[in-house]
Number of protein chains: 2
Amino acid sequence: MDAMSGSGTLRPFEQSLPMALLRAREAAMRRFRPLLAEHDLTEQQWRVLRALTATDRPVEPTILAERTFLLAPSLSRMLSNLEGRGLIRRSVAAHDQRRSLIELSPTGRALVQAVAPSSEATYRHIEERFGVDRLQHLLDELHDLAALDLGEPT
Amino acid sequence: MDAMSGSGTLRPFEQSLPMALLRAREAAMRRFRPLLAEHDLTEQQWRVLRALTATDRPVEPTILAERTFLLAPSLSRMLSNLEGRGLIRRSVAAHDQRRSLIELSPTGRALVQAVAPSSEATYRHIEERFGVDRLQHLLDELHDLAALDLGEPT
DNA sequence: TATTGTTATACTCTATAACTATA
DNA sequence: TATAGTTATAGAGTATAACAATA
């Protein structure tokens with residue numbers, strides 16, 4: 001019973017799917033993080049701005065939390081921060097006073113646009129070295145994998 | 001210049017590689033996290049134990065930090081914690097008194113083995129629904145992507 | 001002098017529970 | 001009563017700098 005195979009056939013570290021996903025993500029983000037830091041944005045804050053860019057309709061916090069994989073309390077504080085910095089706007093839904101609606105402000109949109117070229121440069125870099133079709137196929141596979149309902153936690 | 005295409009051709013949120021990687025990782029981890037919590041382990045602590053399982057030789061903290069994508073100060077505090085719980089052992093390298101050597105204790109190894117079956121169950125679940133060959137190909141592609149030197153942060 | 005690892009500090013995010021206000 | 005969102009609280013990780021011990 002050695003270290004490599006003794007743990008009830010636990011896969012080798014190199015073959016771990018979560019680690020492979022994390023490693024690939026780190027490789028893709030390494031260049032990008034310093035740029036976010038220059039704009040005083042955390043990775044999570046960027047995800048929120050990025051999610052808001054994806055739609056031209058205001059989004060409710062609950063939906064935003066799902067799309068960005070953030071917990072509601074984390075998002076709530078982040079929205080206060082982003083609103084204080086003038087990057088987003090909040091309004092109250094007309095049909096239900098409990099619901100908020102979040103959207104990018106022009107300043108927020110400008111910030112995303114300022115950061116976007118560097119993001120695109122990284123993509124071009126990946127596409128050149130990895131291949132456009134190969135990257136597209138990888139994205140499709142990742143999408144399919146995530147769509148598998150692996151079941152709720154027991 | 002609308003919200004979808006106005007940001008200097010920023011890719012749609014759905015096509016974002018870091019988001020796709022995060023989404024897939026969340027899908028794979030969702031089942032697993034509660035099990036870690038039952039054993040009072042964070043995701044990062046699990047990565048450390050998991051990395052130590054992958055080798056039967058003691059590992060220096062610097063190497064461990066690289067492999068687990070943790071910063072040295074974070075790892076340093078975690079190692080104190082894990083040592084206090086009797087899950088790892090530390091020793092000093094004979095040839096260089098500055099260097100530490102970290103390895104799993106028998107208790108730590110037993111803990112990994114206790115958690116492993118659930119990890120394997122998730123893999124079997126994925127393999128059944130996604131396909132063994134398809135999963136292997138995905139892992140290979142992720143490995144190649146991470147190996148691309150996308151350059152140091154500017 | 002350079003390197004390994006730890007400690008100090010401030011901030012952010014995670015996670016759960018409790019609370020407010022609407023419905 | 002149930003739901004949307006916020007606030008409270010405790011803990012862990014991120015990030016940078018400063019430090020001790022060793023090389």
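In what follows, chains carry the letters A, B, and so on, assigned in the order in which the sequence lines appear, proteins first and then strands, with residues in each chain numbered from 1.
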Heavy-atom donor-acceptor pair, A:Ser100 side chain to A:Glu60 backbone, under 3.5 Å: no

Length of the CG-C1' vector between A:Leu41 and C:dC11, whole Å: 15 Å

Main-chain N/O of B:Ala51 paired with B:Thr55 side-chain donor or acceptor, under 3.5 Å: no

Which residues share a side-chain contact (heavy atoms from CB on, under 4.5 Å) with A:Thr42, sequence neighbours left out: A:Gln44, A:Gln45

Nucleotide interval of DNA chain D bounded by contacts with chain B (heavy-atom cut-off, under 4.0 Å): D:dA12 to D:dA23

Charged N-O contact under 4.0 Å between B:Arg33 and B:Glu26: yes

Euclidean distance, atom CD of residue B:Glu60 to atom C1' of C:dT4 [Å, nearest integer]: 9 Å

Look for any protein N or O under 3.5 Å of an N or O in nucleotides 13-22 of chain C and output each such pair with its distance, or none.
{"from": "C:dC13", "atom 1": "OP1", "to": "A:Thr42", "atom 2": "OG1", "distance (Å)": "2.5"}
{"from": "C:dC13", "atom 1": "O3'", "to": "A:Gln44", "atom 2": "NE2", "distance (Å)": "3.4"}
{"from": "C:dT14", "atom 1": "OP2", "to": "A:Ser74", "atom 2": "OG", "distance (Å)": "3.4"}
{"from": "C:dT14", "atom 1": "O4", "to": "A:Arg77", "atom 2": "NH2", "distance (Å)": "3.4"}

Sequence-distant partners of B:Asp140, side chain to side chain donor-acceptor pair (under 3.5 Å), two or more places apart: B:Gln136

Pairwise ring pair (Phe, Tyr, Trp, His ring centres under 6.0 Å) hits with a residue in residues 41-82 of chain B, at least two apart: B:Phe32-B:Trp46

Separation of atom CD1 in B:Ile102 from atom P in C:dT4, rounded to whole Å: 15 Å

Sequence-distant partners of A:Arg85, salt bridge (charged side-chain N to carboxylate O under 4.0 Å, His left out), two or more places apart: none

Ionic contact status for A:Arg11 with B:Glu120, cut-off 4.0 Å: yes

